[in-house]
Amino acid sequence: METVSIVLFLLLAVVVSGAISRILPFSIPTPLVQILLGAIIGLSTSHRVDLDPELFLFLFLPPLLFLDGWRIPKDELLKDVSTVVELALGLVLITVVGMGFFIHWMIPAMPLAVAFALAAVVSPTDPIAVSAIAARVPIPKRMMHILEGESLLNDASGLVCLRFAVAAALTGTFSAGAATLNFLWVAGAGLVIGVVVTLAVTRAKAFVTKRWGEDTGSQILVSLLIPFGSYMLAEHIHASGILAAVAAGVTMTFAEISRQTMATTRMRRNSVWDMIQFTLNGIIFVLLGEQLPGILEGAHQTVALTGHVSPWWLAIYTIAIVAGLALLRFAWVWASLHLTILRKTQRTGEMQSPEWRLVAATSFAGVRGAITLAGVLTLPLALNDGTPFPARDLAIFLAAGVIVVSLILASIALPFLLKGLTMPPEPSKQAEEDSARIVAAHAAIQAIERHQHALAEDRGEADLYATAGARVMDLYRERIEGLSGHQADEARAGSRLASEFALVGVKAERATLAQLIRDRLVSGGTARKLTRELDLAEARYRG
């Protein structure tokens, strides 16, 4: 009962945190509110949540990374893929190496392998925390796409680096050649497993659905099991479960283009995943706050590892690490943006220079959050010989401090830097959207006409079917002509027969949209918007 009570308090704190962050007259990031509520829970009870590192990693990371890979806008990401890769891979490696040596130099009592592990866990960024911080000062879409793509890739790369650092700490040896080969296996096999598992599951699901019908609950449950299945299978063969979960999420986007689910299933599934994302991210920050009292209680023992007496040295180390991360990120972002502009200049011949606020905002947006906490808590409790893992409590304290300090700094700096900041103009999506609507409407009219003729031949009463079909086709013709916008007239399409024709049209629109997506004639954002409209239309006509 004690465990159940703690879990319920954690969930309640997640719910209350959202309300508090909205009620307050000044902007405080929701993650900071969740950390504070978690600390209150930790101080108000004598019971502590004992987190098993492997179980924590398994329960929280696969679904979160899977969902990030699934929902990230692929087309928008490809526009800035070079910048994303430079930030997600190059910056992570520089951070792990540079900050690893810096931390070991600053704290000689922390072994170099453990310093690399700490640098690896503080290298990934958290776009959800950034979104919460900038809720009242919207982040430009293009910058958010870059931050989302960077986070998706650096989550995986940072945690893979953590894996090698922990292995070096456990064995006491490190070989660059062996590590490179192992990395290729860990990364390659993980990616392949994520893709294969998702394709196999979606094919099997489509086969069962086609023959025996679709059950909404089962479909949602299958989507929840895919990231865990991919993760477990990859870990079983000593590949990266993290990369497997990411690859599975990315593959889901493409697997569902040709294997459509029911509109009601997709809408309910989206709601379930929204709740899971909100809950897991919230619980991670609440757990961080709940662990803080225990971490602070051991500050005197922890600081002794550094050779000092005053706990204030821990604050100094935390601020030094945050400053080092900020300087590295600023330098890398500045260099990356200038390389991107240089490549563009070579193509267009027009020389531009990035606004300093853009570089600064992108740098401050690299806050640490859920992935950093999840990663540092997975540090082993003991070495292979049974002795305690060196400086584990110190690493956890510093990682928690980096999360809190980076959130506070970003909450202060980002609203100022983002206010009035404009990104390079994006081409309008309206023409693309209108074109897709017109093509889909033409396909729907043709499908309804074919259905009219088929019903008339099989059942007679051609006038009845012609009248009902004409009502629905008029709606599509009005859409094409731009006379009535994009909304259907429910009064005119309310009869059973008209609804049947309307569903035929929606089905044809959906098939046409899927083809446009496969041919890359519409972007991810337009596809999601039109799919949502078709889901609502189908649910209305089936209701």
Side-chain angles (χ1 to χ4, degrees), residues 57-81 83-85 87-89 92 123-131 144-160 186-202 205 220 222-235 239-259 261 266 269-270 272-281 284 369-372 374-375 517 523-525 527-528 531:
L57 181 70
F58 173 69
L59 289 179
F60 285 87
L61 292 193
L64 289 176
L65 295 177
F66 173 81
L67 188 61
D68 284 344
W70 190 357
R71 290 185 170 178
I72 192 169
K74 311 301 185 300
D75 294 320
E76 288 81 352
L77 180 63
L78 289 175
K79 294 178 181 178
D80 297 294
V81 65
T83 302
V84 170
V85 172
L87 289 172
L89 299 182
V92 166
S123 60
T125 55
D126 187 355
I128 296 171
V130 178
S131 299
M144 199 62 202
H145 292 155
I146 292 174
L147 294 174
E148 288 173 342
E150 176 199 0
S151 174
L152 180 63
L153 293 180
N154 68 19
D155 287 346
S157 56
L159 292 174
V160 169
V186 166
L191 293 173
V192 170
I193 286 175
V195 173
V196 170
V197 168
T198 303
L199 291 178
V201 170
T202 52
K205 185 176 65 174
I220 296 173
V222 167
S223 72
L224 296 176
L225 293 176
I226 288 176
F228 294 105
S230 302
Y231 180 91
M232 292 178 66
L233 181 59
E235 290 293 324
S240 173
I242 299 300
L243 284 173
V246 171
V250 173
T251 308
M252 278 292 289
T253 303
F254 302 101
E256 290 212 325
I257 292 176
S258 56
R259 300 178 184 89
T261 56
R266 188 161 37 251
R269 186 182 61 190
N270 288 339
V272 169
W273 273 105
D274 287 340
M275 182 271 295
I276 289 175
Q277 183 182 40
F278 173 78
T279 303
L280 292 184
N281 277 288
I284 286 177
I371 302 301
T372 293
I517 296 173
S523 63
R528 284 193 300 274
T531 299

Any side-chain to backbone donor/acceptor pair from [X] onto [Y]? Under 3.5 Å, distance only.
{"X": "Thr202", "Y": "Leu199", "value": "yes"}
{"X": "Ser123", "Y": "Gly158", "value": "no"}
{"X": "Glu150", "Y": "Val84", "value": "no"}
{"X": "Ser230", "Y": "Pro227", "value": "no"}

Indicate the atoms forming the closest heavy-atom contact of [X] with [Y], along with that distance.
{"X": "Leu59", "Y": "Leu280", "result": "O-CD1, 4.3 Å"}
{"X": "Ala244", "Y": "Ile193", "result": "CB-CG2, 4.5 Å"}
{"X": "Ala239", "Y": "Ala189", "result": "CB-CB, 3.6 Å"}

Please round to the nearest 0.5 Å and tell me the distance separating atom OG of Ser240 and atom CG of Leu191.
7.5 Å
Rounded distance [0.5 Å steps], CG in Leu67 versus CD in Gln277
4.5 Å
The side-chain contact (heavy atoms from CB on, under 4.5 Å) partner of Thr198 among Val250, Thr253, Ile226 is Ile226
May I ask you to test the [X]-[Y] pair for a side-chain heavy-atom distance under 4.5 Å?
{"X": "Asp274", "Y": "Arg71", "answer": "yes"}
{"X": "Val246", "Y": "Asp68", "answer": "no"}
{"X": "Leu65", "Y": "Ile242", "answer": "yes"}
{"X": "Pro63", "Y": "Leu224", "answer": "no"}

Evaluate side-chain contact (heavy atoms from CB on, under 4.5 Å) for Asn281 paired with Leu64, printing each intermediate quantity in order.
CA-CA 8 Å; Asn281 277 288; Leu64 289 176; 3.3 Å; yes
Between Phe58 and Phe228, does the ring centroid distance fall short of 6.0 Å?
yes
Using the ring centroid of each side chain, check whether Phe278 and Trp273 are separated by less than 6.0 Å.
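Not under 6.0 Å, so no.
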